[in-house]
*Asks:* 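First the structure, which I've put down as structure tokens, then a few questions once you've had a look.
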Amino acid sequence: EVRFVESGGGLVQAGGSLRLSCTASGLNFDDYTIGWFRQAPGKEREGVAIISTSDGDSSYADSVKGRFTISTDGAKKKVYLQMNVLKPEDTAFYYCASSTRPWWVAAALSPANFGSWGQGTQVTVAS
């Protein structure tokens, strides 16, 4: 069974930084696209960033380009999301999930193409 455990969330002032971690288990880490998604209260879940664990290709939502960076540590089966210059609108629960769909499909950042969702970690950005 594929499982993800997210950590690293918290409360930060606007302009600050956080690094989220997602620890994977139950999968061959090098064969998946793994993504970070977020969901704010009253809003739909949206894709933030994804990465191919096989070749390192990545894709970002326009709202986070230039501020967030996704990376992996294959030995530890971890996926990180470095979040800089945080804004109040980044406040949400952040989740990890995986996809076996082709890259050109996963790169659309649609949650419908991902599964095995973790429990999430809360990020709150104070203004």
*Asks:* Testing the basics here: between F114 and G35, what is the closest heavy-atom pair and its distance to 0.1 Å?
*Replies:* CE2-N, 4.0 Å
*Asks:* Between F29 and I34, does a side chain to side chain contact (heavy atoms under 4.5 Å, CB included) hold up when you go through it step by step?
*Replies:* CA-CA 9 Å; F29 192 78; I34 298 177; 3.7 Å; yes
*Asks:* Start with the C-alpha distance between T53 and D31, add both sets of side-chain angles, then the distance that settles side chain to side chain contact (heavy atoms under 4.5 Å, CB included), and finish with yes or no.
*Replies:* CA-CA 6 Å; T53 57; D31 290 341; 5.8 Å; no
*Asks:* Between T72 and V79, is there a donor-acceptor pair closer than 3.5 Å when you use the side chain of the first and the backbone of the second?
*Replies:* no
*Asks:* Testing the 3.5 Å rule here: is there a donor-acceptor pair between the side chains of K78 and T23?
*Replies:* yes
*Asks:* Give a yes or no answer on whether the side chain of S99 reaches the backbone of A106 with a donor-acceptor pair at less than 3.5 Å.
*Replies:* no
*Asks:* Quick one: closest heavy-atom pair of C22 and W36, and the distance?
*Replies:* CB-CZ2, 3.4 Å
*Asks:* Under 3.5 Å, is there a donor on one side chain and an acceptor on the other for N113 and R101?
*Replies:* yes
*Asks:* Side chains of S17 and N84: any donor to acceptor distance under 3.5 Å?
*Replies:* yes
*Asks:* Could you state whether Y95 and L86 fall into the same hydrophobic cluster, counting links through intermediate Ile, Leu, Val, Met, Phe, Trp or Tyr residues with side-chain heavy atoms under 4.5 angstrom apart?
*Replies:* no
*Asks:* Which atoms form the tightest heavy-atom contact between G16 and V12, and what is the distance?
*Replies:* CA-CG2, 3.9 Å
*Asks:* Check whether Y60 reaches the backbone of I70 with its side chain - one donor and one acceptor, N or O, closer than 3.5 Å.
*Replies:* yes
*Asks:* Evaluate whether atom CD of Q119 has more than 12 neighbouring non-hydrogen atoms of other residues, nucleotides or ligands under 6.0 angstrom away.
*Replies:* no
*Asks:* Working note: D90 + M83, criterion side chain to side chain contact (heavy atoms under 4.5 Å, CB included); need CA distance, chi angles, decisive distance, verdict.
*Replies:* CA-CA 9 Å; D90 295 318; M83 306 186 295; over 6 Å; no
*Asks:* Using every non-hydrogen atom in the two residues, find where D57 and W103 come nearest and quote the distance to one decimal.
*Replies:* O-CH2, 3.3 Å
*Asks:* Any salt bridge between K65 and D62, counting N to O under 4.0 Å?
*Replies:* yes
*Asks:* Once rounded to the nearest 0.5 Å, what's the spacing between atom CD1 of I50 and atom OG of S58?
*Replies:* 8.5 Å
*Asks:* Taking all non-hydrogen atoms of both residues into account, name the closest pair between F4 and L27 and its distance.
*Replies:* CZ-CD1, 4.4 Å
*Asks:* List for me each residue that meets ring-ring contact (aromatic ring centres under 6.0 Å, His included) alongside Y94, sequence neighbours excluded, and say none if there are none.
*Replies:* none
*Asks:* Quick one: closest heavy-atom pair of A61 and G47, and the distance?
*Replies:* CB-O, 3.4 Å
*Asks:* Once you round to the nearest 0.5 Å, how far does CG of L81 lie from OG1 of T121?
*Replies:* 11.0 Å
*Asks:* Kindly state whether the ring of W117 and the ring of F37 have centres lying under 6.0 angstrom apart.
*Replies:* yes
*Asks:* Distance to the ring centre below 6.0 angstrom and angle to the axis at most 45 degrees; does that hold for R38 and F93?
*Replies:* no
*Asks:* For V85, does its backbone N or O pair with a side-chain atom of R67 as donor and acceptor, under 3.5 Å?
*Replies:* yes
